[in-house]
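All values below were derived from every heavy atom in this structure, side-chain atoms included, with hydrogens, water molecules and symmetry-related copies excluded.
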Amino acid sequence: MIAIRCAAKKLGRFDLSDCELYTSCEPCPMCLSAIHWAKIKKVYYGCTRDDAAGIGFDDKYIYDVIKGTAEHKKVILEQIERDSCIKAFIEWKDKEDKVQY
């Protein structure tokens with residue numbers, strides 16, 4: 001994420017679709033999201049999510065939660081107040097001078 005942030009700052013843009021990323025490990029779900037938002041099309045990595053799990057990182061577990069295959073969930077997600085929250089989404093959708101990501 002730091003590399004993406006630095007590249008975006010140096011290039012002065014969010015769209016990094018013409019860039020490639022090299023990393024020591026398969027991206028965790030948070031980093032993978034940032035990669036998608038930056039529109040990076042190719043990532044080279046060394047170690048896998050299983051390697052990361054082997055040293056105590058939760059990458060594989062989080063991928064399993066997202067896929068719906070985790071045996072148990074450590075976090076409870078509960079939706080509340082959608083009617084209040086959706087207003088910000090509608091404002092963004094209708095905003096004429098927004099910067100698209």
Side-chain angles (χ1 to χ4, degrees):
M1 295 200 36
I2 294 169
I4 292 170
R5 190 176 295 125
C6 289
K9 184 176 180 180
K10 182 172 185 163
L11 297 171
R13 55 190 163 93
F14 298 107
D15 184 339
L16 304 178
S17 58
D18 58 340
C19 299
E20 295 179 341
L21 181 65
Y22 291 78
T23 180
S24 59
C25 189
E26 181 177 6
C28 73
M30 179 178 63
C31 291
L32 185 59
S33 295
I35 290 164
H36 278 280
W37 286 325
K39 299 177 178 30
I40 296 171
K41 292 184 173 88
K42 183 89 178 206
V43 177
Y44 299 91
Y45 65 90
C47 298
T48 67
R49 65 182 79 169
D50 292 316
D51 296 326
I55 61 168
F57 286 92
D58 285 343
D59 302 35
K60 182 181 180 316
Y61 167 75
I62 297 168
Y63 273 109
D64 290 346
V65 170
I66 292 167
K67 288 188 306 187
T69 60
E71 291 185 25
H72 68 283
K73 293 185 179 177
K74 298 177 184 178
V75 176
I76 296 170
L77 298 175
E78 181 178 342
Q79 182 183 21
I80 62 168
E81 301 292 331
R82 182 181 183 273
D83 291 339
S84 297
C85 298
I86 197 70
K87 293 174 186 175
F89 280 59
I90 293 168
E91 286 181 34
W92 174 256
K93 180 182 169 205
D94 294 341
K95 184 174 172 56
E96 292 189 20
D97 63 341
K98 67 183 162 224
V99 176
Q100 288 288 3
Y101 294 99

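- Remark: I55 CD1 is packed, more than 12 non-hydrogen atoms of other residues, nucleotides or ligands lying under 6.0 Å away.
- Side-chain contact between V75 and K73: absent, with no pair of heavy atoms (C-beta onward) separated by less than 4.5 Å.
- Rounding to the nearest 0.5 angstrom, the gap separating the SG atom in C19 from the NZ atom in K39 is 13.0 Å.
- Listed by chain and number, the residues in a ring-ring contact (aromatic ring centres under 6.0 Å, His included) with F14 are Y101 (sequence neighbours excluded).
- Annotation: side chain of P27 is not in contact with side chain of L21 (no heavy-atom distance under 4.5 Å).
- Minimum interatomic distance between Q79 and R82 (heavy atoms only, all atoms of both residues): NE2-CD, 3.4 Å.
- Here NZ of K41 is found 10.5 Å from CG of L16. Values are rounded to the nearest 0.5 Å.
- Rounding to the nearest 0.5 Å places SG of C6 at 11.0 Å from CG of L11.
- Taking the six-membered ring for Trp and thresholds of 30 and 60 degrees, Y22 and Y44 have nearly parallel ring planes, at less than 30 degrees apart.
- D15 contributes atom CG, which lies 9.5 Å from atom CD1 of I40 (distance to the nearest 0.5 angstrom).
- Among all heavy-atom pairs drawn from K93 and K98, the shortest one is O-NZ, 2.7 Å.
- Distance check: E26 CD to D50 CG gives 8.0 Å after rounding to the nearest 0.5 Å.
- For the pair D64 (side chain) and Y61 (backbone), a donor-acceptor distance under 3.5 Å is absent.
- Expressed to the nearest 0.5 Å, how far OH of Y45 lies from SG of C31 amounts to 14.0 Å.
- In this structure, P29 and Y63 approach most closely via the heavy-atom pair CD-CE1, 3.8 Å.
- Residue-environment remark: CD (E71) stays at or below the threshold of 12 foreign heavy atoms within 6.0 Å.
- For the residue pair M30 and M1, the shortest heavy atom distance occurs at CG-SD, 3.4 Å.
- For the side-chain contact (heavy atoms from CB on, under 4.5 Å) with C28, the lone residue among D59, I62, D58 that qualifies is D59.
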